[in-house]
Structures are given as C-alpha cells and as structure tokens.
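Worksheet for the structure shown next.
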Protein chains: 2
Amino acid sequence: MTGSPARDAASDAPSDAAGRVWTGMRTLVLERHDRRRQVTEATGLSFVRVKALRRIAAGPLSMRELAARLSTDKPYTTLVVDDLERRGLIERTIHPADRRQRMLAVTPEGLRIAQIARGILDDPPEILRDLPRADLAALDRVITALVEAEHPAE
Amino acid sequence: MTGSPARDAASDAPSDAAGRVWTGMRTLVLERHDRRRQVTEATGLSFVRVKALRRIAAGPLSMRELAARLSTDKPYTTLVVDDLERRGLIERTIHPADRRQRMLAVTPEGLRIAQIARGILDDPPEILRDLPRADLAALDRVITALVEAEHPAE
DNA sequence: TACAATCATTATGGTTGTACAACCAATTGA
DNA sequence: TCAATTGGTTGTACAACCATAATGATTGTA
C-alpha cells in the first residue's frame, strides 16, 4: 500500500482534507475528550480491564477471542480476566462443545459497571451535541458509513 | 434511554446522532486505526515519550507546561525528559528570565524522530482518503470548525 | 533580611502492562 | 492409539507508568 503522495513533514497542518479530518478527529478523541481517567476512577478498574469488561458485556466470548480483541497475549488476558472474576464482574464457564475453551460472560454487577463506563465513554461532548442539525446529520451520515464500511459484518 | 431489552450494554449504537458520531469517531481512532504500536516500533520510544517529544517539537516549553500537557506530574515528566535528553533528542536550557525554569527544545535528531512519528500518526486511513470529494469536504468543514471552536487561541 | 511560593529534581514504592518459556488439558486426525 | 494442535494457565522477568514526600535552587515580597 503506497501512502499519500509526498507530504511536507515539517509543516504544521496537513495540506489535504483527509489529513486535516484525521488529525482533527484524533485531537478531539485523544486530547480534548479523553475520558480514561474518569472511567478508571468511576469503576475502580484499570483501563484494559474496562475494555475487557465492556467487550465481554457485549456478548460472551472465549479467552482467545478476548485476547485478540484487546490485541494482547493470552497470559496477560488470563491475568485481567482473573481479576475481573475475583471482583465478581464476570464468570468463566466451560464451553459445552469444546471443554478446553472458557466462555466469558458478565454478571449483573459486571453489567452495571460496564454501563457506568459506557455512560462516560460514549457520552458525546457538548460541542458535538450543540452542532447545527444539518452539520450533525452530515457527520452522522458519513462517519456511520465509514464505520460500517470497514466492518460490514458487525 | 428507552431501556428496551435490545439495548444490550456496550454493544449497540446510541440512539441519537451525536452519540453515533462520537462513538463512530472513537471506534475509528481507538480501535480501527490505532498506531501506537507502529510508532513505538519505528521510533524506539515509549508512547508517552513520543507524545512529549512531539509536544516539545511543536515549540519550546517548560517542564511545568509539559507536565500539564501530558496530564501527568512533574517527577514523572523529569524521568521522561531525562531519557529524551540522554538520547540526544532534546535539550534543556535555563530560562533566561527565570533561572528556576528549564526550557525544553528539540535537537535536529529529535525533530527527525518527531517527524517520523508524525508521518505515522497523522497519516489518514485509506478509507478516509477514498471518500467522495463532497463527503470529505463536509467532514473537513465541520470537524475543522469543531477543533477550532474549542481552542481558538491555538 | 527573612519568608513564602514556585520550578524542578531526587528518592522511593507500588501498580500496570508486555513478553516469553514451560506447562497441563482437551481435541483432532493420521 | 498416539502424535500434533489448540486453548488456557502458571511462572518469571522486565519495562513503563504514576504517585507521594522530601530536597535544593531561585524568585518575589513583606
């Protein structure tokens, strides 16, 4: 994959629209409205644990699948899941068809915590909500299509 | 919030446009196109160090300011800056008007590394570049305005 | 001059994240 | 049946991160 044409690495702003959009999105998500700290404080969990919990809350899955989703290795996944289980937020059960696999599922308490995290993370910044209807609709149409296009199955 | 049973913890999409846009942006930036690993491999620096280096490359600043920008404390900032200095990527100089302060500035080599990081982080994903011109222009207009509105001074 | 306040560093300790090797249990298939 | 494979755990080691307290140097000020 050949990237974009020659780009001036020294200039401060990207010269093309795609670059501006990308950098803008990263600025908003990573700098202006990063809620990691809030979430770890509200849940008492480290951020990977929150990600793991949310993933499990979205539907049962195996250790292997969870490790892939967190893009980490299996041993560390075991560590994280051990902790979540110790706290009573998830449960391990043996996969009925393959006794090697552990299926992970949230407990009611785990679901509660996951929803707290969701409330914080997915809460759109005011400035987005205050956008003119037409602008918001435009963003919605294009961005939703982008997400969908990359992962049609999900 | 309707609380319908279909509203399943972390899985489904928010019902309003702002929520969909926000979650979509987060998905693209944090899940689909996270380049932390690439950057740390390409630069040989941990990610906070990359952030610190980029911040210094954007213009000289003091330890206190850098700590605030990285939203961390001063002692840890000292640690990070020590490492960058040891690698010859930045230089500490005493502030001419206030000898307590250290002003941080990149070296030529530091600038080179910062540009490598920038090339990776700010390179927009293909799917964004391949967007129809009108869609891209719409995103550009709205998102650039958003970023600008939040930080008019910068 | 004495005092408090500010900027940065040193020292220390703990948690979290990441990687790798070795291992056990269950499954698959020659 | 037995070797290879897969899913997961244990053990170990280290790097990265983050906080708190104490210290030194400099500045501004009563």
Side-chain angles (χ1 to χ4, degrees), chain A residues 30 34-56 60-87 89-105 117, chain B residues 30 34-56 60-87 89-105 117:
Chain A
L30 297 174
D34 183 14
R35 273 84 175 256
R36 284 156 174 264
R37 188 145 325 205
Q38 270 173 263
V39 170
T40 55
E41 275 171 19
T43 60
L45 298 170
S46 78
F47 199 68
V48 242
R49 271 150 247 243
V50 171
K51 285 208 294 187
L53 179 61
R54 296 227 309 158
R55 194 47 84 181
I56 297 167
L61 74 179
S62 70
M63 294 291 292
R64 183 182 56 77
E65 291 167 326
L66 180 61
R69 285 314 202 117
L70 300 178
S71 54
T72 184
D73 53 13
K74 278 181 284 184
Y76 186 53
T77 306
T78 295
L79 199 77
V80 169
V81 167
D82 278 352
D83 187 36
L84 292 177
E85 195 178 33
R86 213 176 300 120
R87 293 168 188 259
L89 304 182
I90 65 158
E91 273 176 353
R92 269 189 256 236
T93 60
I94 294 176
H95 191 289
D98 183 344
R99 298 170 48 76
R100 289 172 303 182
Q101 289 186 46
R102 302 291 122 92
M103 292 310 285
L104 308 172
Chain B
L30 297 174
D34 182 15
R35 274 84 175 255
R36 284 157 172 262
R37 188 146 325 206
Q38 269 172 265
V39 170
T40 56
E41 275 171 20
T43 59
L45 299 170
S46 77
F47 200 67
V48 243
R49 271 149 247 246
V50 172
K51 285 208 292 187
L53 179 61
R54 297 230 301 159
R55 192 49 81 181
I56 297 167
L61 73 180
S62 70
M63 294 292 290
R64 184 181 55 77
E65 291 167 326
L66 180 60
R69 284 314 203 121
L70 300 179
S71 55
T72 184
D73 49 21
K74 277 183 281 185
Y76 186 52
T77 306
T78 295
L79 198 78
V80 169
V81 167
D82 279 350
D83 187 36
L84 292 177
E85 194 179 33
R86 214 175 300 121
R87 293 168 189 259
L89 305 181
I90 66 157
E91 272 177 353
R92 268 189 257 235
T93 61
I94 294 176
H95 191 289
D98 183 346
R99 296 169 50 76
R100 290 171 301 182
Q101 289 185 46
R102 302 293 120 91
M103 292 309 286
L104 309 171

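Sequence lines set the chain letters: A, B, ... in the order given, protein chains first and strands last, and positions in each chain run from 1.
- Each of B/V81 and A/A97 was assigned the nucleotide of DNA chain C with the nearest heavy atom; the assignment lying further toward the 5' end belongs to B/V81.
- Between B/H95 atom NE2 and D/dT27 atom P the separation is 11 Å, expressed in whole Å.
- As a whole-Å value, the separation of A/R102 CZ from C/dA25 C1' is 8 Å.
- Out of D/dT10, C/dG17, C/dT27, the shortest distance to the side chain of A/V48 is found at C/dG17.
- OP1 and OP2 of C/dT18 both lie 4.0 Å or more from every side-chain N or O belonging to A/Y76.
- Here A/R92 does not reach the OP1 or OP2 of D/dG8: none of its side-chain N or O atoms lies under 4.0 Å away.
- Between the CG atom in B/L104 and the CD1 atom in B/I90 there is a gap of 5.0 Å [rounded to 0.5 Å].
- Distance alone, capped at 3.5 Å, is enough to place a donor-acceptor pair between the A/R37 side chain and the B/S71 backbone.
- For B/D82, counting side-chain heavy atoms from C-beta on, the closest listed nucleotide (D/dG8, C/dT16, C/dT10) is C/dT10.
- Atom CD of B/E91 has 12 or fewer neighbouring heavy atoms from other residues, nucleotides or ligands inside a 6.0 Å radius.
- Listed nucleotides: C/dT16, D/dG7, D/dT10. Nearest to the side chain of A/R64: D/dG7.
- Of all heavy-atom pairs spanning B/R87 and B/G44, the tightest one is NH1-O, 3.4 Å.
- Side chain of A/K74, nearest nucleotide from D/dC18, D/dT27, D/dG8: D/dG8.
- Across C/dT9, C/dC7, C/dG17, the shortest atom-to-atom separation from the side chain of B/T78 is found for C/dT9.
- When atom types are taken as modelled, the side chain of A/Q38 and the backbone of A/R35 share no donor-acceptor pair closer than 3.5 angstrom.
- To the nearest angstrom, P of C/dT9 lies 13 Å from CG of B/L84.
- Atom-to-atom, CG of A/L70 to P of C/dT16 comes out at 16 Å; the value is rounded to the nearest Å.
- The nucleotide whose nearest atom lies closest to any side-chain atom of B/D73 is, among D/dT5, C/dT9, D/dT20, D/dT20.
- For A/R99, counting side-chain heavy atoms from C-beta on, the closest listed nucleotide (C/dT10, D/dT9, C/dT27) is C/dT27.
- We find that CZ of B/F47 is positioned 12 Å from P of D/dC18, with the value rounded to whole Å.
- We find that NZ of B/K51 is positioned 13 Å from C1' of D/dC18, with the value rounded to whole Å.
- For A/S46, the listed nucleotide lying nearest its side chain is C/dG17; candidates were D/dT10, D/dC17, C/dG17.
- Between A/R37 and D/dA19, a side-chain N or O to OP1/OP2 separation shorter than 4.0 Å is present.
- For A/R49, taking side-chain heavy atoms from C-beta onward, the closest of the listed nucleotides C/dG17, C/dA8, D/dT10 is C/dG17.
- Counting distance only, with no hydrogens placed and no angle test, the side-chain atoms of B/R100 and the base atoms of C/dT6 include a donor-acceptor pair under 3.5 Å.
- Counting any heavy atom pair closer than 4.0 Å across all strands shown, A/T77 reaches no nucleic acid atom.
- Listed nucleotides C/dT9, C/dT27, D/dA16 differ in distance to A/D98; the shortest reach to its side chain belongs to C/dT27.
- The CG atom of B/L79 sits 13 Å away from the P atom of D/dA19 (whole-angstrom rounding).
- A/S62 comes within 4.0 angstrom of sugar-phosphate atoms only, judged by non-hydrogen atoms across all strands, and of no base.
- In this structure, CD of A/E65 is placed 13 Å from C1' of D/dG8, rounded to the nearest angstrom.
- Between A/L45 and A/L84 the shortest side-chain heavy-atom distance falls below 4.5 Å.
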